[in-house]
Each structure stands twice: as structure tokens, then as C-alpha cells.
**Q** 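I'd like to ask some things about the structure below.
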Amino acid sequence: MSHIWLASYPRSGNTLLRTILNSCFGFKSGTIYPNGPLSGNKVLQEYIGHLEQSDRSIRFPPGQPPLIKTHELDKDKGIKTIYVARNGLDSIKSLYDFYDRKVTLERIIRGEFRFGSWSDHIKSWSPWDRQNTLFLRYEELADEEARRLAVEKMADFLDAEIKSHHMPSREKIASADGKIVRGQNAEKPTLTEQQQQIFYEFNGDMMDTLGY
């Protein structure tokens with residue numbers, strides 16, 4: 001079986017998606033990024049269902065789909081994918097925090113830092129009309145009531161049985177880390193008026209397209 005991408009712009013809900021797949025289906029997942037921030041944190045790996053790479057490969061449990069996280073642009077149009085999008089303002093602020101505010105918000109907004117801009121990333125995948133793609137939003141995954149419907153969509157897409165609708169709370173998972181998964185009350189950066197203008201200059205059309 002070919003692998004299935006778990007794709008998103010960084011800080012848009014990929015870790016939450018993986019946690020749901022682990023909690024609700026018992027599906028483990030890997031990532032294209034070796035020695036990432038999850039390495040060494042066994043408690044967080046257990047919550048997420050993370051599989052470490054071994055000799056540049058990921059060994060999946062028998063009988064489950066090979067699910068692999070990526071933040072790269074879409075280069076494999078035929079590969080089955082679950083794509084998660086999040087409000088662009090929330091994504092770029094979270095990414096700014098993730099890099100300890102050492103990369104300027106302006107560079108992140110313009111897409112000058114590694115993954116391109118938020119809107120260019122979503123446009124690359126175009127998940128609303130891409131074949132073999134399940135398009136989900138972070139907001140529906142984060143909301144407990146809406147999540148039940150999202151899990152049912154995943155079950156249909158993956159042809160899988162739902163084993164549970166229960167998952168650990170965000171605060172419980174954050175207590176094992178605090179950086180990859182942040183607590184609900186973690187301090188969030190704010191954008192200046194000028195930064196907001198730059199954001200909408202680069203991302204306004206996609207914000208409208210997705211209804212944010």
C-alpha cells in the first residue's frame with residue numbers, strides 16, 4: 001500500500017490530527033523529518049502515536065495505513081492525503097512562537113522562511129478539489145462536538161473502524177511538552193497594524209476563499 005500524507009502548513013493541526021488518529025483508530029504515524037522535536041519525548045510520542053524513523057524508514061504496525069506527516073509543498077498529486085488547514089493568522093503566530101520568536105513575523109508572513117507563505121502552501125495542495133484528499137480544518141478538530149463528525153469523515157476516507165471518540169485533553173498533552181502542544185492559556189503574540197496589513201497583502205485572498 002502506498003503511503004498516505006498527513007499534510008499541513010506548520011502549526012495548523014497536524015499533531016492534533018495524528019493524536020486523533022491514534023486515539024480514535026489506534027493508528028500510528030510517522031514523519032518525513034528525522035530527529036524532529038518529538039525525538040526523546042516518549043510520553044508525547046505515546047499520546048501522538050509517533051513512530052520514529054529507523055534506517056530512513058518507518059515500520060508501521062501490520063494492517064494499518066502508512067500515515068506520514070509532511071509540511072512540504074505538494075509534489076505527489078496522486079498520493080492519498082488528509083490535509084488540515086487553520087486560520088492563517090493563528091498559524092503564523094503559532095509558528096513565530098515555535099521558533100522562539102527568533103524569526104520575524106514579517107519573514108514568516110511573506111513566506112521567506114522554509115515552508116513558503118500560508119496561502120502558497122494551501123494553494124499548492126488545493127485540498128478542496130485535489131483527488132484522493134480529505135480536507136479538514138483545525139477548528140473542527142479542536143472542537144469536541146465537531147470532532148465527532150470529523151472522525152466519521154476520517155473513518156470513511158480510510159475505510160477504518162472507529163474504536164473510540166475519547167482522547168486526552170489538550171492540557172494533559174501540553175503538560176508533557178509545552179512547545180509542540182501548548183496549553184490553552186499560553187501567551188500568544190499579537191500583530192501590529194502594519195504586520196496585519198502585510199499578512200492580508202499576502203494571504204487575504206486565501207483567507208476569503210476559506211471563509212476566515
Side-chain angles (χ1 to χ4, degrees), residues 3-21 29-34 36-38 48 50 67-77 79-143 146-147 150 153-154 157 170 177 179-182 186 188-191 195-196 198-212:
H3 66 270
I4 298 172
W5 287 129
L6 306 178
S8 70
Y9 182 78
R11 310 303 296 169
S12 295
N14 210 308
T15 298
L16 175 56
L17 172 64
R18 297 176 70 195
T19 304
I20 293 169
L21 288 164
S29 57
T31 170
I32 66 170
Y33 309 106
L38 282 173
I48 294 169
H50 174 72
L67 304 162
I68 302 178
K69 165 187 172 175
T70 182
H71 292 316
E72 305 305 311
L73 301 179
D74 187 11
K75 299 174 183 177
D76 305 298
K77 299 296 182 182
I79 299 296
K80 195 169 185 176
T81 297
I82 300 177
Y83 189 92
V84 183
R86 183 184 187 185
N87 184 308
L89 287 167
D90 292 333
S91 291
I92 62 106
K93 287 189 287 186
S94 184
L95 188 58
Y96 178 56
D97 264 348
F98 184 76
Y99 285 108
D100 299 319
R101 309 191 182 196
K102 293 178 181 177
V103 180
T104 67
L105 270 167
E106 287 81 0
R107 285 191 66 199
I108 293 173
I109 290 168
R110 291 189 178 102
E112 297 171 353
F113 182 68
R114 186 170 181 182
F115 299 104
S117 72
W118 173 81
S119 59
D120 283 346
H121 194 281
I122 297 175
K123 191 182 300 181
S124 167
W125 288 88
S126 297
W128 50 85
D129 61 8
R130 185 181 183 275
Q131 291 186 344
N132 298 318
T133 302
L134 174 62
F135 180 27
L136 299 171
R137 295 173 186 255
Y138 169 85
E139 294 79 12
E140 67 182 306
L141 300 181
D143 180 81
R147 187 188 306 138
K153 292 178 184 177
M154 292 182 218
F157 185 71
R170 175 175 173 173
D177 172 58
K179 184 175 178 68
I180 300 172
V181 180
R182 306 186 71 206
K188 298 176 182 177
T190 57
L191 273 66
Q195 288 169 335
Q196 290 187 51
I198 296 171
F199 175 83
Y200 280 101
E201 177 185 345
F202 281 83
N203 301 289
D205 289 346
M206 185 61 69
M207 289 285 279
D208 288 341
T209 296
L210 297 187
Y212 286 122

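The basis for the numbers below is simple: all heavy atoms, side chains too, and nothing from hydrogens, waters or symmetry mates.
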**Q** CG/Leu95 to CZ/Arg114 distance, rounded to the nearest 0.5 angstrom?
**A** 10.0 Å
**Q** Could you label the plane-to-plane angle of the Phe199 and Trp118 rings as parallel, tilted or perpendicular, counting under 30° as parallel and over 60° as perpendicular?
**A** tilted
**Q** Between CZ of Phe202 and CE of Met207, what distance do you get to the nearest 0.5 Å?
**A** 15.5 Å
**Q** Are there over 12 heavy-atom neighbours, none belonging to Asp76, within less than 6.0 Å of that residue's CG?
**A** yes
**Q** For the atom pair CD1 (Ile79) and CD (Gln131), what is the distance rounded to the nearest 0.5 Å?
**A** 12.5 Å
**Q** When you measure from the side chain of Gln195 to the backbone N and O of Ile109, does any donor-acceptor pair fall under 3.5 Å?
**A** no
**Q** For the pair Asp143 and Arg147, find out whether any cationic side-chain nitrogen is under 4.0 Å from an anionic carboxylate oxygen.
**A** no
**Q** Going from OG1 on Thr81 to NE2 on His3, what distance comes out if it is rounded to the nearest 0.5 angstrom?
**A** 7.5 Å
**Q** Work out which heavy atom in Gly13 is nearest to a heavy atom in Tyr138; give both atom names and the distance.
**A** CA-CD1, 3.6 Å
**Q** Ser91 and Ser12: which non-hydrogen atoms are nearest, and at how many Å?
**A** OG-OG, 2.9 Å
**Q** Does Tyr212 have Arg137 sitting over its ring (NZ/CZ under 6.0 Å from centre, angle to axis within 45°)?
**A** yes
**Q** Roughly how far, to the nearest 0.5 Å, is CD1 of Ile20 from CD1 of Ile48?
**A** 12.0 Å
**Q** Between the side chain of Thr209 and the main-chain N/O of Asp205, is any donor-acceptor distance below 3.5 Å?
**A** yes
**Q** Is the closest side-chain heavy-atom distance between Asn203 and Ile92 below 4.5 Å?
**A** no
**Q** Which value, rounded to the nearest 0.5 Å, describes the distance between Lys153 atom NZ and Ile82 atom CD1?
**A** 11.5 Å
**Q** Between the side chain of Ser119 and the main-chain N/O of Ser117, is any donor-acceptor distance below 3.5 Å?
**A** no
**Q** May I ask you to decide if Lys69's main-chain N or O and Arg18's side chain share a donor-acceptor pair within less than 3.5 Å?
**A** no
**Q** At their closest point, which heavy atom of Ser8 faces which heavy atom of Val84, and how far apart are they?
**A** CB-O, 3.3 Å
**Q** Mark yes or no: Lys80 above the aromatic ring of Phe157, with NZ or CZ under 6.0 Å from the six-membered ring centre and no more than 45 degrees from the axis.
**A** yes
**Q** Any ion pair linking Arg130 and Asp74 (charged N to carboxylate O, less than 4.0 Å)?
**A** yes
**Q** Answer yes or no: is there a donor N or O on one side and an acceptor on the other, between the side chain of Asp100 and the main chain of Lys102, under 3.5 Å?
**A** no
**Q** Aromatic rings Trp125 and Trp5: how do their planes relate, parallel, tilted or perpendicular, breaks at 30° and 60°?
**A** perpendicular
**Q** Which pair of non-hydrogen atoms, one from Ser124 and one from Lys77, has the smallest distance, and what is that distance?
**A** O-NZ, 2.9 Å
**Q** Quick one: does any side-chain atom of Tyr33 pair with a main-chain N or O of His71 as donor and acceptor, under 3.5 Å?
**A** yes
**Q** Mark yes or no for whether Thr19, through its side chain, and Leu17, through its backbone, hold a donor-acceptor pair below 3.5 Å.
**A** no
**Q** Dump the intermediate steps for side-chain contact (heavy atoms from CB on, under 4.5 Å) on Leu210 and Phe135, then the final yes or no.
**A** CA-CA 11 Å; Leu210 297 187; Phe135 180 27; 4.0 Å; yes
**Q** For the pair Ser29 and Leu21, evaluate side-chain contact (heavy atoms from CB on, under 4.5 Å) and give the outcome as yes or no after the intermediate values.
**A** CA-CA 8 Å; Ser29 57; Leu21 288 164; 5.7 Å; no
**Q** Could you tell me how the ring of Tyr9 sits relative to the ring of His121: parallel (under 30°), tilted (30 to 60°) or perpendicular (over 60°)?
**A** perpendicular
**Q** What's the shortest heavy-atom distance between Tyr83 and Ile122, and which atoms?
**A** OH-CG1, 3.3 Å
